[in-house]
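Residues take their numbers from the sequence shown, with the count starting at 1.
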Amino acid sequence: MANDREVLRIVWEGQVPVCFQADPDEVVGLQQPEDFYLMVSRLSYLPLVTDKVKKYFTKYISNELQDGEIWFDSNGTPLKSHYPIGVLYDLLHPEDDGLPWSITIHFSKFPEDILFKFSSKELVESHFMSCLKEADVLKHRGQVVSAMQKKDHNQLWLGLVNDKFDQFWAVNRRLMEPVGEQECFKHIPVRFYNEDGTYMQKLISPINEAGQKRTLDDLLNDLSTPSRQAVGVRSHGVKIHGDTPLQWMSEHLSYPDNFLHFCMIYENI
């Protein structure tokens, strides 16, 4: 791995200021509670911060709703809690809206037709490890994760949950190195998000048929259609330069689940 540790650290420390608000229809009494503010990691998941938010608002909510399934929305759009927070922010928060990001917490009327129930940390951990294993299959044919022990899996998860950069990367660096004599991964784990929050995956090679490293611009050319041209991607809150090699991005800009999460920028043709 071309270890640019400063880039890894900057990505790890990315945060979003969030203003959590109560659903006024669920509040007991006439007085609305004050908003609750948190700085949350872009790399984390909403269920990992739910306990703090729930604890603050519970005393304002009627007793019969307090055991309900917690969910969140942003400007009326339910938030998929198995997406990393940074991905949700890049998808749903327009750049000109300013900060903090306003999110409403709900204790009732869970939208089962839109959201999966990822209310517990254990379910999020299971989803996270599933994504990690999928990414390793794409990069290394699954050879790295299969060689790890349970304690390594726990260290990855706890490093993310407890915001411990060194603890996480002591294990994750193994996943960011090509296997054997290879200089690149077999494929690049990447998810491409559309404006409606859905995503697609394709097999993406980091090198072309001539053995040269492919760049983001090469990838965007492949993703363009007769009606729409892919002109860029946004990840970690920034637009990525088109000359950036795919291999370097996978090593340095992947989320902890080892996927690149790209919010697509299109222009109609």
J.: Assess whether salt bridge (Lys or Arg N to Asp or Glu O under 4.0 Å) is satisfied between R141 and D136, documenting all intermediate values.
T.: CA-CA 6 Å; R141 298 186 176 91; D136 186 49; over 6 Å; no
J.: When you measure from the side chain of T77 to the backbone N and O of D73, does any donor-acceptor pair fall under 3.5 Å?
T.: no
J.: Do L115 and L79 share a hydrophobic cluster, counting only Ile, Leu, Val, Met, Phe, Trp and Tyr and linking them when any side-chain heavy atoms are less than 4.5 Å apart?
T.: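 Per the 4.5 Å side-chain linkage, L115 and L79 are not co-clustered.
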J.: For the backbone of D243 and the side chain of H241, can you confirm whether one donor and one acceptor N or O come within less than 3.5 Å of each other?
T.: yes
J.: If you define the side chain from C-beta out and look only at heavy atoms, does anything of V161 sit under 4.5 Å from E125?
T.: no
J.: L88 and I114: same hydrophobic cluster, using ILVMFWY side-chain contacts below 4.5 Å?
T.: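 Different clusters.
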J.: How long is the straight-line distance from CG of L138 back to NZ of K186, given to the nearest 0.5 Å?
T.: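 These two atoms lie 10.0 Å from each other.
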J.: Which residue pairs satisfy the salt bridge (Lys or Arg N to Asp or Glu O under 4.0 Å) criterion with at least one member in residues 216-238, sequence neighbours excluded?
T.: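 Sorted result for residues 216-238: E95-R234, E195-R228, R214-D222.
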J.: Show your working on salt bridge (Lys or Arg N to Asp or Glu O under 4.0 Å) between R42 and D90 and close with a plain yes or no.
T.: CA-CA 10 Å; R42 279 182 156 271; D90 290 342; 2.9 Å; yes
J.: Could you check whether atom CD of E183 has more than 12 heavy atoms from other residues, nucleotides or ligands sitting under 6.0 Å from it?
T.: no
J.: Under the 3.5 angstrom rule, does the side chain of S44 hit a backbone N or O of V40 as a donor-acceptor pair?
T.: no
J.: Could you tell me if the side chain of L246 sits less than 4.5 Å from the side chain of T215, heavy atoms only?
T.: no
J.: Does any N or O in the side chain of Q155 come within less than 3.5 Å of the main-chain N or O of Q167, such that one atom is a donor and the other an acceptor?
T.: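 Yes, Q155 side chain to Q167 backbone: donor-acceptor pair under 3.5 Å.
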J.: Under 3.5 Å, side chain of N208 to main-chain N/O of G211, donor-acceptor pair present?
T.: yes
J.: Tell me every residue that passes ring pair (Phe, Tyr, Trp, His ring centres under 6.0 Å) with Y60, counting only those two or more places apart in sequence or in another chain.
T.: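 None.
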J.: Going through the checks in order, is the ring pair (Phe, Tyr, Trp, His ring centres under 6.0 Å) test met by W157 and F168?
T.: CA-CA 8 Å; W157 176 245; F168 178 84; over 10 Å; no
J.: Answer yes if V190 and F259 sit in the same cluster of Ile, Leu, Val, Met, Phe, Trp and Tyr residues linked by side chain heavy atoms under 4.5 Å apart, and no otherwise.
T.: no
J.: Can you find a heavy atom in the side chain of S74 that is under 4.5 Å from one in the side chain of W101?
T.: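 Side chain of S74 against side chain of W101, heavy atoms only: contact under 4.5 Å found.
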J.: Calculate, to the nearest 0.5 Å, the distance between atoms CG and CD belonging to L38 and Q15 respectively.
T.: 10.0 Å
J.: Tell me, which pairs form a salt bridge (Lys or Arg N to Asp or Glu O under 4.0 Å) where one or both residues lie in residues 54-67, sequence neighbours left out?
T.: none
J.: Answer yes if I105 and V49 sit in the same cluster of Ile, Leu, Val, Met, Phe, Trp and Tyr residues linked by side chain heavy atoms under 4.5 Å apart, and no otherwise.
T.: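 In one cluster: yes.
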J.: Between F72 and F20, is the ring centroid distance below 6.0 Å?
T.: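 F72 vs F20: aromatic centres under 6.0 Å.
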J.: Is a salt bridge present between E134 and R191, judged by a nitrogen-to-oxygen distance below 4.0 Å?
T.: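 Looking at R191 together with E134, the answer is yes, because their closest N to O distance falls below 4.0 Å.
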J.: With no hydrogens and no angle check, is any side-chain donor or acceptor of E267 less than 3.5 Å from a backbone partner on V231?
T.: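 The answer is no, because no donor-acceptor pair under 3.5 Å joins these two groups.
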J.: Walk me through it: do F107 and T58 pass the test side-chain contact (heavy atoms from CB on, under 4.5 Å)?
T.: CA-CA 9 Å; F107 290 76; T58 295; 4.2 Å; yes
J.: Just wondering, do L216 and M249 contact through their side chains at under 4.5 Å, heavy atoms?
T.: yes
J.: Any donor and acceptor pair, going by atom type alone, linking the side chain of Q143 with main-chain N or O of H140 inside 3.5 Å?
T.: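 The answer is yes, because a donor-acceptor pair under 3.5 Å joins these two groups.
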J.: Are side-chain heavy atoms of K139 and P189 found at a separation under 4.5 Å?
T.: yes
J.: Taking side chain as C-beta onward, heavy atoms only, is C184 less than 4.5 Å from P178?
T.: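 Heavy-atom side-chain distance check fails, nothing below 4.5 Å.
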J.: Determine yes or no for a side-chain-to-main-chain donor-acceptor pair under 3.5 angstrom, with N162 supplying the side chain and G159 the backbone.
T.: no
J.: Out of F116, F118, Y193, Y45, which one pairs with Y83 under the ring-ring contact (aromatic ring centres under 6.0 Å, His included) rule?
T.: Y193
J.: First locate atom NE2 of H82, then atom NE2 of H127, and finally report the distance between them rounded to the nearest 0.5 Å.
T.: 5.5 Å
J.: Is it true that a side-chain atom of W169 and a backbone atom of R9 form a donor plus acceptor pair closer than 3.5 Å?
T.: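 Checking the backbone N and O of R9 against the side chain of W169, no donor-acceptor pair under 3.5 Å is found.
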J.: With a 4.5 Å heavy-atom cut-off, do Y37 and P17 have their side chains touching?
T.: no
J.: If you measure from the Lys or Arg side-chain nitrogens to the Asp or Glu carboxylate oxygens, is any gap between K121 and D51 under 4.0 Å?
T.: yes
J.: Using atom types as modelled and distance alone, determine if a side-chain donor or acceptor of T104 lies under 3.5 Å from a backbone N or O of A22.
T.: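 No; judged by distance alone, with no hydrogens or angles, the pair does not exist.
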J.: Test side-chain hydrogen bond (donor to acceptor under 3.5 Å, both in side chains) on D97 and H93 and set out the steps.
T.: CA-CA 7 Å; D97 263 13; H93 186 79; 4.6 Å; no
J.: Could you tell me if the side chain of Y89 sits less than 4.5 Å from the side chain of V18, heavy atoms only?
T.: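 V18 vs Y89: side chains apart.
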J.: Sequence neighbours left out, what pairs pass salt bridge (Lys or Arg N to Asp or Glu O under 4.0 Å) with at least one residue falling in residues 24-37?
T.: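 Residue pairs with at least one partner in residues 24-37: there are none.
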J.: Find out if a path of hydrophobic residues (ILVMFWY) with successive side-chain heavy-atom gaps under 4.5 Å connects I207 to V179.
T.: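 Per the 4.5 Å side-chain linkage, I207 and V179 are not co-clustered.
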J.: Does M148 form a side-chain contact (heavy atoms from CB on, under 4.5 Å) with S146? I'd like the steps, not just the answer.
T.: CA-CA 6 Å; M148 288 181 176; S146 62; over 6 Å; no
J.: Are there more than 12 heavy atoms of other residues, nucleotides or ligands under 6.0 Å from atom CG of N75?
T.: no
J.: Give a yes or no on whether a salt bridge exists between D166 and R5, defined as a side-chain N under 4.0 angstrom from a carboxylate O.
T.: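 Looking at D166 and R5, the cut-off is met.
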J.: Out of the candidates I265, I240, L219, only one should pair with V233 under the side-chain contact (heavy atoms from CB on, under 4.5 Å) rule; please name it.
T.: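 Filter result, single survivor: I240.
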J.: Among residues at least two apart in sequence or on other chains, which ones pass ring pair (Phe, Tyr, Trp, His ring centres under 6.0 Å) with Y255?
T.: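 Only H236, H261 meet the ring pair (Phe, Tyr, Trp, His ring centres under 6.0 Å) criterion with Y255.
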J.: Between Y199 and F192, is the ring centroid distance below 6.0 Å?
T.: no
J.: Which heavy-atom pair separates F110 from E69 by the least distance, and what is that distance?
T.: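 Taking F110 first and E69 second, the nearest heavy atoms are CD1-CG, 3.4 Å.
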J.: Could you walk me through whether H187 and I204 pass the side-chain contact (heavy atoms from CB on, under 4.5 Å) test, one step at a time?
T.: CA-CA 5 Å; H187 295 103; I204 305 296; 5.8 Å; no
J.: Using the rule given for side-chain hydrogen bond (donor to acceptor under 3.5 Å, both in side chains), can you reason through W71 versus S81, listing the C-alpha separation, both sets of side-chain angles and the distance that settles it, and then say yes or no?
T.: CA-CA 8 Å; W71 60 284; S81 56; over 6 Å; no
J.: So I70 and H106, side-chain contact (heavy atoms from CB on, under 4.5 Å) or not? Walk me through it.
T.: CA-CA 6 Å; I70 300 294; H106 302 271; over 6 Å; no
J.: Would you list the pairs meeting ring pair (Phe, Tyr, Trp, His ring centres under 6.0 Å) in which at least one residue belongs to residues 205-234, sequence neighbours left out?
T.: none
J.: Assess whether side-chain hydrogen bond (donor to acceptor under 3.5 Å, both in side chains) is satisfied between D4 and W248, documenting all intermediate values.
T.: CA-CA 10 Å; D4 193 336; W248 186 92; 4.8 Å; no
J.: In Å and rounded to the nearest 0.5 Å, what is the CZ to CG distance from F185 to L175?
T.: 8.5 Å
